[in-house]
Amino acid sequence: MELQTERAARLEYTVATATRGAAAIDIVKTKKCVFSGVQPTGDAHIGNFLGAFKYWVASQDEFENIFCVVDLHAITVYQDPATLREQTRTVAALLLAAGIDPERSALFVQSHIGAHAELAWILNCFIPMGWLQRMTQFKEKAGEDRESVSTGLFDYPALMAADILLYDTDLVPVGDDQKQHLELTRDAAQRINSLYGPTLVVPEPSIPPVAARVMGLDDPTKKMSKSEEAAGHAILLLDSPDDIVRKIKRATTDSQRDIVFDRQRPGVFNLLSIYQGFTGGSEAEIEAHFDGKGYGDLKGELAEVVVAALTPLRERYHELMNDPGEIDRILADGADRLRPIATATLKRVMEQVGLG
Ligand code: TYM
């Protein structure tokens, strides 16, 4: 409830200053604001957990937190409607199971707050095509098929910028793959500010020091990804202990022996990074721990660590899914708490730009 009170005070302040024009974003904050999001597509995996969710959960007392299930981003590629609705709830339940506490963090669904799409349109008018054409994620996702993918896929980063900028976000905790989108968000905010005077808070990315880019177990040169279908590629957060053990056993390594953090040996590096992500400890400590041991030991111990970390999450998830109505209530409450803030920021931008 703390978030609600602070936000309400801030909203009053924002609305008051918005009417005064140029100094519109001279907002006094007691805590930094964190915003981050996850797509409700495919099954969430340990890359999502180690690169993002773990930090979202751990920083809940330190910051004012907003976490979003980004269903508007999901439809940039075709989604079966019933599956999308189901996955939206599933991802929310996974976040709650991982430890997101709705008392300390606002959790909501992107399409429940119309201001996201509205601000994205305004930002579109200030984001040059060239910036979007440089996005490596777009190039990867569109592949050879650039003429037939949706305009939404191309414009994906503008909507992401709107998500972040609507809440005067200071910090955006994400995995390494989102860094370029964050740079574009900063550039878009700076462009608006330089044209119209201070209007938007320019956010900072927050990328984890360990496991910011977890790689596929089957091919450690490829990022672990929800859209990859090979059975041994990703460890899913809802995988059974047997599946986890089997996938780790089959993970690609190399023909050397020593167990050290060496980026030139991507298979072993990836397994060690996952181990470090789950256990903590420095590289030197982990290397010392595995000194004299073989790949079989590394894989066995890693599987134990991952199973131990994911078992309580999986159990909690199934408990939560027994009462889907409660998850929907949490999501509706999150949107209700945030809507006034998003609306105030949108109003501020519209006034600065000369709309409305
Ligand atoms: P998404 O759904 O692909 O991933 C959610 C989070 O998980 C991180 N992640 C990884 N981290 C480490 N290793 C991996 N292999 C790995 N794969 C994914 C992602 O970096 C992300 O932090 N565009 C975003 C969703 C989004 C968003 C936002 C994020 C929409 N609006 C605003 C932050 C702020 C995405 O597709 O995430």
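Start at 1 and go down the list; that is how both ligands and their atoms are numbered.
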(request) Select one of side chain, backbone, both or neither to describe which atoms of Tyr156 lie under 4.0 Å from any atom of ligand 1, heavy atoms only. (result) side chain
(request) Using a 4.0 Å heavy-atom cut-off, say whether Met215 meets ligand 1 through its side chain, its backbone, both or neither. (result) neither
(message) Using every non-hydrogen atom in the two residues, find where Gly175 and Ile207 come nearest and quote the distance to one decimal.
(response) O-CD1, 3.9 Å
(request) Would you check the N or O atoms of Met160, main chain and side chain alike, for any that come under 3.5 Å of an N or O of ligand 1? (result) no
(request) Could you tell me whether Asp258 and Arg265 make a salt bridge, using a distance below 4.0 angstrom between a side-chain N and a carboxylate O? (result) yes
(request) Select the closest option to atom 8 (C) of ligand 1 among Thr41, Val214, Asn48, judged by heavy-atom distance. (result) Asn48
(message) One residue to check: Val172. Relative to ligand 1, which of side chain, backbone, both or neither has a non-hydrogen atom less than 4.0 Å away?
(response) side chain
(request) For ligand 1, find out whether one of its N or O atoms is nearer than 3.5 Å to an N or O atom of His181. (result) no
(request) Please say whether Gln137 places an N or O atom under 3.5 Å from an N or O atom belonging to ligand 1. (result) no
(message) Among all protein heavy atoms in this structure, tell me which lies nearest to atom 31 (N) of ligand 1, with the distance rounded to 0.1 Å.
(response) Asp163 OD2, 2.7 Å
(request) Check the surroundings of atom NZ in Lys32: do more than 12 heavy atoms from other residues, nucleotides or ligands lie under 6.0 Å from it? (result) no
(message) For the CZ atom on Arg250, are there more than 12 heavy atoms of other groups (residues, nucleotides or ligands in this structure) within a distance under 6.0 Å?
(response) no
(message) Around atom NZ of Lys139, are there more than 12 heavy atoms from other residues, nucleotides or ligands closer than 6.0 Å?
(response) yes
(request) With heavy atoms only and a cut-off of under 4.0 Å, state how Gln39 meets ligand 1: side chain, backbone, both or neither. (result) both
(message) For Arg337, is there an ion pair with Asp333 - N to carboxylate O distance below 4.0 angstrom?
(response) yes
(request) Look at atom 10 (C) of ligand 1 and find which of Ala212, Gly47, Ala52, Gly51 reaches it with the closest heavy atom. (result) Gly47
(message) Just to be sure I read this right, does ligand 1 sit under 4.0 Å from the backbone of Lys226, its side chain, both, or neither, counting only heavy atoms?
(response) side chain
(request) Provide the closest heavy-atom pair for Val91 versus Pro40 in the form atom of the first, atom of the second, distance. (result) CG2-CA, 3.8 Å
(message) Counting non-hydrogen protein atoms only, what is the nearest one to atom 25 (C) of ligand 1? Give residue, atom name and distance.
(response) Gly37 O, 3.6 Å
(message) Looking at every non-hydrogen atom in both residues, tell me the closest pair between Leu237 and Phe49 and how far apart they are.
(response) CD2-CB, 3.8 Å
(request) Answer yes or no: does an N/O atom from Asp176 fall short of 3.5 Å to an N/O atom of ligand 1? (result) no
(request) For ligand 1, note which part of Val38 has a heavy atom under 4.0 Å away: side chain, backbone, both or neither. (result) both
(message) For the backbone of Ser111 and the side chain of Asp71, can you confirm whether one donor and one acceptor N or O come within less than 3.5 Å of each other?
(response) yes
